[in-house]
A.B. asks: 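Let me begin by handing over the structure; questions about it come next.
Numbers restart at 1 for each chain; the letters A, B, ... are given by sequence-line order, proteins then strands.
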Number of protein chains: 2
Amino acid sequence: MSKKIHSISCLNCSSWNKSVFCDLQSDQLENIDNHKSSDFYEKGETIFKEGGFARGLFCVKKGKIKLSKMGPSGKEQIIRFAKDGDIMGYNSMLSKSKLSSTAVALEGSIVCFVPANDFFGLIKSDPNFSLKMLELTAKNWNEASRLITDMAQKTTKQRLAEMLLWLKETFGLDEENCINVKLSREEIANLVGTATEAVIRLIGELKKEKLISLDGKRIKLLDIHGLAMLANRLE
Amino acid sequence: MSKKIHSISCLNCSSWNKSVFCDLQSDQLENIDNHKSSDFYEKGETIFKEGGFARGLFCVKKGKIKLSKMGPSGKEQIIRFAKDGDIMGYNSMLSKSKLSSTAVALEGSIVCFVPANDFFGLIKSDPNFSLKMLELTAKNWNEASRLITDMAQKTTKQRLAEMLLWLKETFGLDEENCINVKLSREEIANLVGTATEAVIRLIGELKKEKLISLDGKRIKLLDIHGLAMLANRLE
DNA sequence: ACAGTTTCATGACAAATATCATACTTTAAA
DNA sequence: TTTAAAGTATGATATTTGTCATGAAACTGT
């Protein structure tokens, strides 16, 4: 189970300035501080489950989280990731529907929980916050519509290349150009939307083509431009 | 080219109550009235183009519109539809990015244009409107994430069944259980994310399986439950 | 009514991908 | 450390789907 930890103030949060709360005044943050709670989740722990009820907003203080949906035949589909400063669960709250995805920690993560009332209070009282939220949801839509098009039109190999680039953009690269997140082959398959075996084979091909290399379990990007070409990114 | 037509007041608009503007006060609507314009678009006409700049919001007074993205190899991908009371172009405005899709009329349609300033004015001044917009964008996300999962995991035939049901839910059925919108096979293919030939073949199969029948160009749904089973809809 | 164009339809074939079977390898647990 | 379990890898095969070719049917404008 997740461990309740001592909440530090949003004012001192290392991820505050990356978050949607970055423009709030200190009295607004204090109000959140008074009602929020913070939890630590081990790698593999579930933060919330698809189909559940959203009583509030989750904000990632530190960590890496995958958000996935159950496909029709019980196969997981990773929809997006959340990292430091990202928020989760707001779509269900806003649309007053069940949580549309499951959140699982990819590594030890600290996640704060802000009750729905405080969130809606901000929206009612602070137009700038609303605008910030709208900006966020609009960006999400742009991402999503691109993803729909990619899923529908690109080959598995192109999608794999695309996802490797997406992972790079989301989590960045370490000193050795390795993608800064650990995913199993199965998780990559659940992101690309294919079978695990296919991912294994295609990673092998990308390796042969000198686009990537494997440093243990870590994936090193050797030729980012080549990957972008393969993924058929026009922009 | 589209024809500029005489704008009638939002107060008398037949689609007003279905729209995101339904809770506005008459003075707010009058303000929109003073700045908006209305245009008629013939079937096949383009309302706006992907990559363009969003100077405002498009609101469908009457009609049926497809919103699509260009895929990497130049193939159109239909992302969503808009009908009476639906708005378009707001995601690009909100995220301050280029229009992420192209809007084309599927039949003669009347579309009003509301300048960005008025839209942002509403958001700044009316928290209820912001909330309504957030509700809308959140619902869009839920739709989109479902669509991503479907595209990634379902077979072409399942996706076709899924899309037929989606069309039914979006545009409804006429007296004879036919889907209330006319799409070419190619457009259906661009919605399902497959080749036109595949759609033609699969429509043939669905016909043989007595799930649908063809009444000229119109698609009649014979067995909605059967289609839902095939599409593997769990809920 | 006509020719020209587009849309719809079907077959043959090639390519991509899923599935199943089976090892090997690493990680975790006893 | 040993054993079990999970994750990774590879081959063989079947299925699905895309592509190309061709022809019929429906629509369009003159």
Side-chain angles (χ1 to χ4, degrees), chain A residues 42-45 66 71-78 104 106-107 150-163 181-209 212-219 230-232, chain B residues 42-45 66 71-77 104 106-107 150-163 181-209 212-220 230-232:
Chain A
E42 298 281 2
K43 175 178 172 169
E45 262 192 283
K66 65 173 175 183
S73 33
K75 193 172 141 70
E76 168 185 270
Q77 181 66 40
I78 298 180
V104 173
L106 291 170
E107 58 179 52
D150 286 352
M151 288 293 184
Q153 300 198 355
K154 287 185 180 175
T155 65
T156 308
K157 192 169 181 182
Q158 288 179 313
R159 294 206 304 271
L160 174 60
E162 183 69 51
M163 293 305 172
V181 67
K182 258 193 190 169
L183 293 175
S184 69
R185 297 290 187 262
E186 191 183 358
E187 284 172 318
I188 296 175
N190 293 343
L191 179 59
V192 172
T194 187
T196 309
E197 296 96 319
V199 164
I200 291 170
R201 269 180 252 268
L202 292 170
I203 284 182
E205 287 185 31
L206 295 184
K207 220 167 66 177
K208 263 189 205 142
E209 293 160 21
I212 64 172
S213 70
L214 296 183
D215 189 357
K217 200 167 184 167
R218 299 182 310 157
I219 298 172
L230 171 57
N232 211 336
Chain B
E42 297 282 359
K43 174 178 175 174
E45 261 192 283
K66 66 173 174 183
S73 32
K75 194 173 139 71
E76 166 185 271
Q77 182 65 40
V104 173
L106 292 169
E107 57 179 53
D150 286 351
M151 288 293 184
Q153 299 197 355
K154 288 185 180 174
T155 65
T156 309
K157 193 170 179 178
Q158 289 179 312
R159 294 207 304 271
L160 174 59
E162 182 69 53
M163 293 305 173
V181 66
K182 259 192 189 169
L183 293 175
S184 70
R185 297 290 186 263
E186 190 183 359
E187 282 172 319
I188 296 177
N190 293 344
L191 179 58
V192 172
T194 188
T196 310
E197 296 95 319
V199 164
I200 291 169
R201 268 180 254 268
L202 291 169
I203 283 181
E205 286 184 32
L206 295 183
K207 220 166 67 177
K208 262 189 203 142
E209 293 160 19
I212 64 171
S213 70
L214 296 183
D215 189 357
K217 200 165 184 169
R218 300 182 309 157
I219 298 172
K220 183 184 236 168
L230 171 59
N232 211 337

A.B. asks: Taking salt bridge (charged side-chain N to carboxylate O under 4.0 Å, His left out) as the test, write out the residues that go with E186(B), two or more places apart.
C.D. replies: none
A.B. asks: Testing the basics here: between K217(B) and L183(B), what is the closest heavy-atom pair and its distance to 0.1 Å?
C.D. replies: CE-O, 4.3 Å
A.B. asks: With sequence neighbours left out, write down each residue that passes side-chain contact (heavy atoms from CB on, under 4.5 Å) with K207(A), or none if nothing qualifies.
C.D. replies: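 Applying side-chain contact (heavy atoms from CB on, under 4.5 Å) to K207(A) gives L214(A).
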A.B. asks: Among residues two or more places apart or on two chains, list those pairs meeting salt bridge (Lys or Arg N to Asp or Glu O under 4.0 Å) that have a residue in residues 150-162 of chain B.
C.D. replies: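 Of all non-adjacent pairs touching residues 150-162 of chain B, those that pass salt bridge (Lys or Arg N to Asp or Glu O under 4.0 Å) are R146(B)-D150(B), R146(B)-E162(B), D150(B)-K154(B), K154(B)-E162(B), K157(B)-E205(B), K157(B)-E209(B), E162(B)-R233(B).
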A.B. asks: On a heavy-atom basis, which atom in S73(B) and which in N232(A) lie closest, and how many Å separate them?
C.D. replies: N-ND2, 4.5 Å
A.B. asks: Output the residues of residues 186-194 of chain A in contact with DNA chain C, where contact means a heavy atom of the residue under 4.0 Å from an atom of the strand; sort by number or write none.
C.D. replies: T194(A)
A.B. asks: Measure from CZ on R218(A) to P on dT8(D) and round the result to the nearest Å.
C.D. replies: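 That distance rounds to 16 Å.
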A.B. asks: Have a look at the helix from dA1(C)-dT30(D) to dA30(C)-dT1(D) and give the angle its two end axes make, five pairs each, rounded to 10 degrees.
C.D. replies: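 Overall, the helix from dA1(C)-dT30(D) to dA30(C)-dT1(D) bends by 60° from one end axis to the other.
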A.B. asks: How does protein contact run along nucleotides 23-30 of chain D, one letter per nucleotide 5' to 3', with B for base contact, S for sugar-phosphate only, - for none, heavy atoms under 4.0 Å?
C.D. replies: --------
A.B. asks: Checking E76(A) now: which residues fulfil salt bridge (charged side-chain N to carboxylate O under 4.0 Å, His left out) with it, not counting sequence neighbours?
C.D. replies: K66(A)
A.B. asks: Applying salt bridge (charged side-chain N to carboxylate O under 4.0 Å, His left out), name anything that partners E197(B), two or more places apart in sequence or on another chain.
C.D. replies: none
A.B. asks: Show the nearest heavy-atom pair for residues Q153(A) and G71(B), with the distance to one decimal.
C.D. replies: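 Heavy-atom minimum between the residues: OE1-CA, 3.0 Å.
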A.B. asks: Check side chain to side chain donor-acceptor pair (under 3.5 Å) between R201(A) and all other residues, then give those that pass, not counting sequence neighbours.
C.D. replies: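 For R201(A), no residue satisfies side chain to side chain donor-acceptor pair (under 3.5 Å) once neighbours in sequence are set aside.
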A.B. asks: Go through it in stages, so that I can follow the logic: the residues are T194(B) and L160(B), the test is side chain to side chain contact (heavy atoms under 4.5 Å, CB included), and I'd like the CA-CA distance, side-chain angles, deciding distance and then a yes or no.
C.D. replies: CA-CA 9 Å; T194(B) 188; L160(B) 174 59; over 6 Å; no
A.B. asks: Hey, can you pull the residues of residues 150-159 of chain B with a non-hydrogen atom under 4.0 angstrom from DNA chain D?
C.D. replies: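 Correct list: T155(B), T156(B).
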A.B. asks: If you take all heavy atoms of E42(A) and E45(A), which pair is closest and at what distance?
C.D. replies: N-OE1, 2.6 Å
A.B. asks: What heavy-atom pair brings L106(A) and E187(A) nearest, and what distance separates the two atoms?
C.D. replies: CD2-OE2, 3.7 Å
A.B. asks: Could you check whether any side-chain N or O of E107(B) sits under 3.5 Å from a backbone N or O of K43(B), counting only pairs where one atom can act as donor and the other as acceptor?
C.D. replies: no
A.B. asks: Do any N or O atoms of the protein come closer than 3.5 Å to N or O atoms of nucleotides 9-12 of chain D, and which pairs are they?
C.D. replies:
unit_1  : atom_1 : unit_2  : atom_2 : d
dA9(D)  : OP2    : R185(A) : NE     : 2.9
dA9(D)  : OP2    : R185(A) : NH2    : 3.3
dG11(D) : N7     : R201(A) : NH1    : 3.0
dG11(D) : O6     : R201(A) : NH2    : 3.1

A.B. asks: CG of L202(A) versus C1' of dA15(C): gap in Å, rounded?
C.D. replies: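 Answer to the nearest Å: 14 Å.
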A.B. asks: Over all heavy atoms of both residues, which pair between L202(A) and T156(A) is shortest? Give the atoms and the distance, please.
C.D. replies: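 Minimum heavy-atom separation between L202(A) and T156(A): CD1-CG2, 3.5 Å.
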A.B. asks: Distance from L191(B) atom CG to M163(B) atom CE, nearest 0.5 Å?
C.D. replies: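 Rounded to the nearest 0.5 Å, the CG-CE separation comes out at 4.5 Å.
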